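Below is one structure, written out as structure tokens; comments come after it.
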Amino acid sequence: MQYLQEETRHKILSVALREFAARGYKDASMRQIAAKAEMTVGNIYRYYDNKAALFDALVRPAWEQLKSVIVIDKRIGSAGGMTPHNLPVAQIAQEIIRLARDYGQKFYILLFKSEGSPYQSAYDRLIQRIAERFEQELFPLVPVEARDRFLPELLAKTIVDGFFTIMDTCGDDPTRMEKLFGQLLGIMLKDVDQRMKG
């Protein structure tokens, strides 16, 4: 009996994952999920109290990991100048790659398809945290007259959106995905402290 319950739960989660990915939290419905899972809505409610609980079951593990990523310890770059790999924001970027690899579509749904859910601010919180890191790590190295308050947010959005563009393009090829993302970081962050002074 326990095996059948787990099999049913897995089927619900599998169908819900596809539905939330296609329609987003706001437009997905328990009826659609039930129909595609070939079961009654009532049967789904035996496992999940509501759509929010079902969504939570899918994305909470990715959310918990994302929260830990955005508090990576601060480490200023080496004396030889900043490189894409010695900035803590680069550590965050590597963790984003790991999350995308480990959670795939669930991570994408969390950031881009969660409007209307308790997680709808996940993307904005990630952008805000990365922007804060840029501000903490780069602004002290840049002359005051060269600082623009919008730049850290712009860099953060470019990194996150660039990553998901790469993931959409070659998400089934993790080696290529990591290579392209490393190249993106290299273009954006190599000696960025020096370039911002110029």
Side-chain angles (χ1 to χ4, degrees), residues 1-72 92-132 153 156-178 180-181 184:
M1 185 68 155
Q2 182 67 24
Y3 172 75
L4 291 177
Q5 289 175 345
E6 286 306 311
E7 189 176 296
T8 301
R9 185 180 307 278
H10 177 73
K11 186 173 187 177
I12 293 167
L13 289 171
S14 178
V15 170
L17 180 67
R18 290 191 304 271
E19 195 65 19
F20 287 130
R23 297 178 184 272
Y25 176 83
K26 186 177 172 183
D27 294 328
S29 78
M30 295 294 266
R31 287 187 194 282
Q32 293 163 333
I33 294 167
K36 290 181 179 177
E38 299 174 336
M39 62 182 66
T40 66
V41 176
N43 197 27
I44 292 180
Y45 283 114
R46 289 179 57 211
Y47 293 87
Y48 302 99
D49 291 339
N50 51 40
K51 181 170 75 168
L54 177 55
F55 192 75
D56 184 73
L58 283 170
V59 301
R60 178 174 286 284
W63 170 245
E64 293 300 328
Q65 289 296 307
L66 179 60
K67 286 193 312 186
S68 71
V69 164
I70 61 178
V71 295
I72 289 175
I92 292 172
Q94 290 304 311
E95 286 299 305
I96 292 171
I97 289 173
R98 183 187 61 76
L99 284 172
R101 211 177 26 240
D102 292 351
Y103 294 98
Q105 210 169 23
K106 294 174 187 175
F107 187 55
Y108 181 82
I109 291 167
L110 173 66
L111 292 180
F112 296 104
K113 298 287 192 163
S114 60
E115 182 184 351
S117 81
Y119 298 98
Q120 69 184 4
S121 66
Y123 173 83
D124 292 333
R125 288 176 69 181
L126 178 61
I127 296 298
Q128 177 186 8
R129 187 61 184 136
I130 293 174
E132 287 169 2
E153 182 179 345
K157 283 186 177 188
T158 302
I159 285 174
V160 173
D161 291 347
F163 174 72
F164 280 100
T165 299
I166 291 168
M167 188 178 163
D168 281 345
T169 304
C170 55
D172 57 345
D173 184 351
T175 303
R176 182 176 177 218
M177 183 173 68
E178 288 183 41
L180 284 171
F181 197 55
L184 175 65

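Just so it is clear, the model here is predicted, and its values are computed rather than measured.
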Taking only residues two or more places apart in sequence, or in another chain, which ones meet A35 in a side-chain contact (heavy atoms from CB on, under 4.5 Å)?
none

Using a 6.0 Å distance limit plus a 45 degree cone around the ring axis, check whether K51 lies over the aromatic ring of Y25.
yes

Apply salt bridge (Lys or Arg N to Asp or Glu O under 4.0 Å) to R60 and list each qualifying residue two or more places apart in sequence or on a separate chain.
D56, E64

Could you tell me which residues satisfy side-chain contact (heavy atoms from CB on, under 4.5 Å) with S29, sequence neighbours excluded, listed by chain and number?
R31, Q32

Counting distance only, does the side-chain N/O of T169 pair as donor-acceptor with the main-chain N or O of T165 below 3.5 Å?
yes

When you measure from the side chain of S117 to the backbone N and O of S114, does any donor-acceptor pair fall under 3.5 Å?
yes

If the plane angle is over 60° it's perpendicular, under 30° parallel, otherwise tilted; pick one for F164 and F112.
perpendicular

Nearest heavy-atom contact between A131 and A156 is N-CB, 3.7 Å

Looking at G116, is its backbone amide N or carbonyl O close enough to the side chain of Q120 to form a donor-acceptor pair, meaning the two atoms are under 3.5 Å apart?
yes

Contact between L13 and L17 at the side-chain level, heavy atoms closer than 4.5 Å - yes or no?
no

Which atom pairs, donor and acceptor, lie under 3.5 Å between side-chain atoms of residues 101-110 and protein residues at least two apart or in another chain?
{"unit_1": "R101", "atom_1": "NH1", "unit_2": "E178", "atom_2": "OE2", "d": "2.2"}
{"unit_1": "D102", "atom_1": "OD2", "unit_2": "R98", "atom_2": "NH1", "d": "3.1"}

Shortest non-hydrogen contact from I12 toward L54
CG2-CD1, 3.8 Å

Contacts of Y48 that satisfy ring pair (Phe, Tyr, Trp, His ring centres under 6.0 Å) - sequence neighbours left out:
none

Could you pull out all residues at least two apart from K157 that satisfy side-chain contact (heavy atoms from CB on, under 4.5 Å)?
Y123, I127, E153, D161

